[in-house]
Colleague: 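Quick one: the structure is below, and I'll ask about it shortly.
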Amino acid sequence: MEIERDYQKSLDFIYSFIDLSITRNLRYSPEKFDLSRMFKLMALLGDPQLDYDVIHVAGTKGKGSICAMAASIMNEAGYKVGFYSSPHMIDFRERIKINNINMPKKMLTNYVTKLRSVIKSVEKISTFEIITAIAFKYFSDQKIDIALIEVGMGGRLDATNVVKPIVSVISPVSHDHMKILGNTIAKIAEEKAGIIKESVPVILSPQKRSAKEAIERIANIKGSLIIDTSEKYEFKQIEYSLSKQSFTISEKASDLQVEKRPIYEIPLLGDHQIYNAITVYACIVQLRKFGYKVNETAVANGFSKVKWPGRFEVICHKPMVIIDGAHNKDSFQKLRNTIKKYLGKKKVTLIFGVSEDKEVRSMLKIIKPYINHFIFTMSEHPRAMGIDEIEKVSKGLGLINYSTSVIDNIIPSILKNNKQDQVYIASGSIFIAGAIKQLLAEREN
């Protein structure tokens, strides 16, 4: 089809520029991470990122879940909501949504055609900067009310940091991208806190002490109020299953009786998702202060209807297959806790592949007690760690495993296993999770 051909040509154009996401052994350098290019491109486009309100979300893990839940709630409240995230799991257009609908292929093609000459005029422009600019212009042209903008990496020098948010959010900070952001939690937190703008309130998810201190120091310099969700709010879990969990949220100082507190339900599993939901709740409280009309029905419906694939998502029941985008030490701790809580005595096989800059030994050591068998593989992403490297680490830990560099080879063994007590979990990278989901869907069709 003509639309498909033109769409592919547009993607080829976008990816023909400097793509830092596929650069192996990427390290910080001033010429690579320089916001002046992005400011120049935005100015040439008329600064579309200033045409709507923005909630800007940085952090190591949970950013996407927070954005997805907040976008869902604001949509339920009747607002036109943009949502920009990265990376995509299967479809490129997952990155740019309005009211949870991916940017149409024809629309993306039109934007690439229209902006091609402007894009080419900015020297050393990167692929991520181009995608970000297209999203910001699309949101402006579509006259959205508010956008949830997820930082790509870091914060201070991220291409998204040309926005002027009304609320900034920092999700839990942990070790990731250390060659670029720094090798301590405090240094990484300082980079994340680079999104804090003067006098703009900051919603803070639960943090390690060193991260919290670094963020507070920068917020104080900027004169920005910090709302620390771990100090202000508490929750009580009501029920949980492999399809959803329910809970209440309340202020710690509240005298509202437990039975009168609204019960919220989310299809995202794990205790960490409740903490993400609390961060979203705190965002909504702030948005109400800016005049947004968001009632309790919108909050409850937004939570329950949220769609955010690849987060302990059950994609198949016979046999049970779960995909999870956990890709660092901290998120593997959360994955381990979720396996322990939700899967009980089931026998778990972990389909594992990672990017080349990850703490593989720590990740496998954390998850090892809850895994019966390992399958090591790799995605087609250019930064995927090779099988030999993963096996070298696994042998040092004494892990029982099967390895294949071709992820398709795993599918037949999954499909012929129909044991009730067997669970497959694909994790270590969003690209591994996405590949397994796509391959299983193709077999069903």
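From a predicted model like this one, the values you see are computed outputs, not experimental measurements.
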Colleague: Between Glu359 and Lys329, does at least one N-O distance fall below 4.0 Å, as a salt bridge requires?
Modeller: no
Colleague: Less than 4.0 Å between a side-chain N and a carboxylate O, is that true for Glu150 and Lys97?
Modeller: no
Colleague: Consider only side-chain N and O atoms of Glu251 and Tyr281, and report whether a donor and an acceptor are under 3.5 Å apart.
Modeller: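 Tyr281 and Glu251 do not have a side-chain donor-acceptor pair below 3.5 Å.
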Colleague: Under 4.0 Å between a side-chain nitrogen and a carboxylate oxygen: does that hold for Lys419 and Asp421?
Modeller: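 A salt bridge is absent here (no side-chain N lies under 4.0 Å from a carboxylate O).
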Colleague: Kindly say whether Asn328 contributes a backbone atom to a donor-acceptor pair with the side chain of Ser331 at under 3.5 angstrom?
Modeller: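 Yes, because the side chain of Ser331 sits within donor-acceptor range (under 3.5 Å) of the backbone of Asn328.
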Colleague: Would you call Asp330-Lys334 a salt bridge at under 4.0 Å N-O?
Modeller: yes
Colleague: Would you say NZ of Lys80 has more than 12 non-hydrogen atoms from neighbouring residues, nucleotides or ligands within 6.0 angstrom?
Modeller: yes
Colleague: Does the pair Glu213/Lys208 count as a salt bridge with the N-to-O cut at 4.0 Å?
Modeller: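 A salt bridge is absent here (no side-chain N lies under 4.0 Å from a carboxylate O).
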Colleague: Under 4.0 Å between a Lys/Arg side-chain N and an Asp/Glu carboxylate O for Lys244 and Glu239?
Modeller: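 Salt bridge between Lys244 and Glu239, a charged N being under 4.0 Å from a carboxylate O: no.
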Colleague: Check for a donor-acceptor pair, side chain of Ser171 on one end and backbone N or O of Lys61 on the other, with a separation under 3.5 Å.
Modeller: yes
Colleague: Please walk me through it: do His272 and Thr338 pass side-chain contact (heavy atoms from CB on, under 4.5 Å)?
Modeller: CA-CA 9 Å; His272 57 287; Thr338 308; 3.6 Å; yes
Colleague: Any Lys/Arg nitrogen of Glu191 or Arg156 sitting under 4.0 Å from an Asp/Glu carboxylate oxygen of the other?
Modeller: yes
